[in-house]
Amino acid sequence: MGCTQSSSAHNKPRKSGIEIRKAGDNGVMSKTEIHKRIDSIPETCTAKFGGITVRYAYLSQRGYYPDDAHKPNQDSYAVSHDFAERKNDAFFGVFDGHGRDGDKCAQFVRDNLPSLMSKAVKRCRERECSNLPDELKPVFELSKENTQDAILKSHVECNRRMHVSQDLDDSLSGTTSISIYLHGNRNRITVSNVGDSRAVIGRNTANDKDATNAIATTPASGTSTTLKAFALSRDQTPYRRDERKRCRATGARILSLDQIEGLEPVDEDDDDEENDVVLGEEIDEGGDPPRVWSPHGDYPGTAFTRSVGDAIAEELGVTAEPEMLARDITPDDKIIVLASDGVFEFLTNQSVIDICAKFSDPLEACRAVVAESYELWLQYELRTDDITMICIFIDDVDTTMSLQTSLSTDKRAPESPEEENHKEDELVSGDSRPVRKNISLEKSRALMKSKATSIRDVTDQSEEDFDIESLYNEKTDDEKARIAEAIRASVMFQNITDAQRELIYSVMEPMPVKKGQWIIKQGTVGDRFYVVDDGKFEVRIVPDGEEDTNNDGGNVVHTYAGSRGHSHPSFGELALLYSAPRAASIIAQTDGQLWALHRYAFKKIVAEQGARKDAEKLLKKIDVFKSFSMEDLKDLASYLCDAKYVNGDTIIKEGETGDSIFIILPGGSCECVRNGEGNIPIVSKLEGDDFFGEEILKGGSDKKYLSTVTATSKLSCWILQRADIKRVIGSKRKTNANMA
């Protein structure tokens, strides 16, 4: 069938050309499987489906649950070639179980939905083309409406069969389902979504007029591309106003856990259109999303509004009916990702596509995305979710294939209208729910609890006396690129400017390490964030309430593997925000190298750049700069240098030739003295955000200062030199000349 074979002994060929690849079997995992933790395709599979040539891979990583070390992976996945008895069709699906029997529910859908959908599509096709000559039936294609009707019926039937299954209890258990039915003869995909797993497509928007938000990336192949992430599905959760209203119409209550417990107020008007985003922003920051509850009690509490299974929640509007999207695949479509919500808890759609675009192998892309997601879970939560992902690289699209099929179909099957066959659903960029940026309440409480007994592993210097200049060191372009890859997906670095990024590169300290070296010890308070440049590092955790009797750091829950040619994971991100006990120990498995970023350096850079933005506004007030654009002012601000003075220092002196202007930073003060009429001195006080020395910029000026300015306190100033101003003005004139 053109598929690579999984190394798992559980993978067995199925009838009708269907092959299922899965995580675990029958809800029971051996100790070897539990210890292994990661299940993936052995190597990337290359396949051609009609006019679409792809390479795909899949990977599932079992979560870390401190209270249940042997908890089975509740995610499953399926890949089928020769789908619905068409050699050019395929099926890809990811299923994320939840509840006590969540693993069994996910496996049930994995084992039943593909075959049910295959049979439903085949029956519908046979019915619709029954009046055609036999020689035309093999090329007949269903309309969008007929295809989606077959998919809907297969989901509903799968849900019904789960309800009556004797092998599981789905009263308070179920699974999400995100799948793609690939129609190779038509170069088309139909995406079906139940729940909050997700499908995302990365498109080359270099030729799009509206590609203002596209991200330029350079994958391992070395070819620069511009890939923008578009959602192929919308999360079906109470964050969505339409889903809230649908569930509330059945009598359901939509509340977070804190609202249930009376710790947060209940907003009765959150179905208003303007509250659609506010709900998510306000509730999810601490990992407490809105949930669906019965009007008669505090159950079932689902954080999603659609699911296969969940028989009790079904009465509250939690349906198994999928939302579907159909669209043609074009040469601009480069990457498709299907993943469980564990990937998207802390990563945006764009971040996931950015990471994938760095690799030429979809299996390596899977490993990088899953590892990044797992690392963020460890940093922001006491546990990690199960994380599963299918990554599809689209290598080639034969556009004539779709055209030939549609023409022949229109000619031979007029009952499938052309406008129906070619109608596409609109793609949406962005994300359908907020990305978590803060630690959960449980994580916060655990950190506070451990602070009392924590050991400090931090710099002895105070933040005020910290010498950031001592950290400056040159980086090669290759080293900067590796650091950039590591921090690209991090929430902490998503809103920094290019100037901040360059400063961060310059203060990251190279840190050679030896095998067996402890980088971080659980329970200590640290002040550094680390990027793995090269080497392997174990993440070990001693469960709460236990002692590290073997002095080995506890159980291995993860491994960071860095390679200068591939991935560069990172850890210790929370140390950039505040002093908190480390949640895990990190021990080098091999020799290697890290890059370390100190919290004080990070905070100084972020604060300094914030002040530079304020300086742009102040520069605008100076007469000579009033005609400058904000971009020009930004360039000027980038040349600002910091200077410090103490009480009594003379900063400038009347009559002296000057070469700089000055901006006083908040907290400082100066006395300005200049001669007035009759040589009578005029004394004024200058404070934060005031500026002086601007007279040297005026036309016809002899470049001499007209006043004496003396510091009356300890203060800092921004200094802008005339030579730098001339440089920016020269660049501005050159740009204007080129535009003319």
Side-chain angles (χ1 to χ4, degrees), residues 18 45-58 77-84 86-95 113-114 117-118 120-121 124-125 141-152 154-155 177-194 197-204 227-234 322-339 349 352-353 356 362 389-399 401-403 405-406 409 416 420-429:
I18 295 177
C45 178
T46 300
K48 183 175 176 60
F49 303 110
I52 305 174
T53 302
V54 303
R55 286 172 296 131
Y56 69 81
Y58 45 81
Y77 50 91
V79 177
S80 305
H81 292 205
D82 303 337
F83 190 70
R86 283 285 177 91
K87 67 177 183 179
N88 289 333
D89 289 1
F91 175 92
F92 299 86
V94 169
F95 318 106
L113 181 62
M117 191 184 299
S118 174
V121 168
C124 185
R125 187 192 301 130
E141 293 289 338
L142 291 175
S143 68
K144 171 185 169 183
E145 180 181 25
N146 287 333
T147 299
Q148 295 191 357
D149 181 62
I151 292 173
L152 171 62
S154 61
H155 279 80
S177 174
I178 183 72
S179 64
I180 286 180
Y181 170 24
L182 191 156
H183 322 253
N185 284 342
R186 186 175 291 176
N187 292 355
R188 169 167 286 200
I189 58 173
T190 299
V191 182
S192 308
N193 181 42
V194 178
S197 294
R198 195 178 293 181
V200 182
I201 191 167
R203 305 193 68 239
N204 187 344
L227 296 186
K228 184 174 180 179
F230 292 89
L232 293 174
S233 62
R234 295 184 65 201
E323 291 183 312
M324 287 173 274
L325 175 147
R327 73 179 308 273
D328 291 344
I329 296 298
T330 73
D332 287 330
D333 298 323
K334 300 300 180 183
I335 298 172
I336 296 177
V337 171
L338 289 83
N349 292 348
V352 171
I353 293 300
C356 292
M389 170 178 166
I390 297 174
C391 183
I392 305 170
F393 281 10
I394 302 171
D395 291 333
D396 185 59
V397 179
D398 182 357
T399 56
M401 191 78 177
S402 177
L403 181 62
T405 301
S406 62
T409 302
S416 298
E420 183 66 35
N421 282 339
H422 292 283
K423 183 179 179 182
E424 286 195 6
D425 296 313
E426 183 179 357
L427 290 178
V428 179
S429 62

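Heavy-atom basis, side chains included; hydrogens, waters and symmetry copies ignored. Model, not experiment: these values are computed from the prediction.
The main-chain N or O of R125 is never found under 3.5 Å from a side-chain atom of N146 such that the two would form a donor-acceptor pair. Although no hydrogens or angles enter the test, the distance criterion places no donor-acceptor pair under 3.5 Å between the side chain of N88 and the main chain of G184. Looking at N193, its side chain does come within 3.5 Å of a backbone N or O of R234 through a donor-acceptor pair.
Taking the side chain as every heavy atom from C-beta outward, C124 and L142 approach each other to under 4.5 Å. Two residues are said to be in side-chain contact when any heavy atoms from C-beta on lie closer than 4.5 Å; M117 and S80 fail this criterion. Using a 4.5 Å heavy-atom cutoff, the side chains of K144 and M324 are not in contact. Residues S233 and L325 are not in side-chain contact: their nearest non-hydrogen atoms beyond the backbone lie 4.5 Å or more apart. Between R327 and I201, the closest side-chain pair of non-hydrogen atoms falls below 4.5 Å. I178 places a side-chain heavy atom less than 4.5 Å from the side chain of V191.
For A90, the side chain to side chain contact (heavy atoms under 4.5 Å, CB included) partners two or more places apart in sequence, or in a different chain, are F49, F92, L182. Applying the side-chain hydrogen bond (donor to acceptor under 3.5 Å, both in side chains) criterion to H155, with sequence neighbours excluded, gives no partner residue.
By the 30° and 60° cut-offs, the orientation of the rings of Y56 relative to H81 is perpendicular. Using a 30° and 60° split on the angle between ring planes, Y181 and H183 fall in the tilted class, from 30° to 60°.
L113 and S177 make their closest contact through CD2-OG, 3.5 Å (heavy atoms, listed as atom of the first residue, atom of the second, distance). S192 and I151 get closest at one heavy-atom pair: OG-CG2, 3.1 Å. In plain terms, the two heavy atoms of L152 and P322 that are nearest each other are CD1-CD, 3.7 Å. Considering all non-hydrogen atoms of both residues, A57 and P362 come closest at CB-C, 3.8 Å.
By the neighbour-count criterion of 12 heavy atoms within 6.0 Å, atom NZ of K48 is densely surrounded, having more than that number from other residues, nucleotides or ligands.
Of the charged side-chain nitrogens involved, at least one lies within less than 4.0 Å of a carboxylate oxygen, so that R203 and D333 count as a salt-bridged pair.
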| message | Working note: M389 + V337, criterion side-chain contact (heavy atoms from CB on, under 4.5 Å); need CA distance, chi angles, decisive distance, verdict. | response | CA-CA 7 Å; M389 170 178 166; V337 171; 4.1 Å; yes
| task | Take D395 and V54 through the side-chain contact (heavy atoms from CB on, under 4.5 Å) test and state the conclusion after the steps. | result | CA-CA 5 Å; D395 291 333; V54 303; over 6 Å; no
| Candidate pair K87 and D82, rule salt bridge (Lys or Arg N to Asp or Glu O under 4.0 Å), full reasoning | CA-CA 4 Å; K87 67 177 183 179; D82 303 337; over 6 Å; no
| query | Is there a side-chain contact (heavy atoms from CB on, under 4.5 Å) between V121 and D89 once you walk through the steps? | reply | CA-CA 11 Å; V121 168; D89 289 1; 5.9 Å; no
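Shown are N349, I335, L338, I336; of these, the side-chain contact (heavy atoms from CB on, under 4.5 Å) with V200 is made only by N349. Just one residue in the list N185, I392, I394 forms a side-chain contact (heavy atoms from CB on, under 4.5 Å) with I52, and that residue is I394.
Separation of atoms CZ (F95) and OG (S179) is listed at 6.5 Å; rounding is to 0.5 Å.
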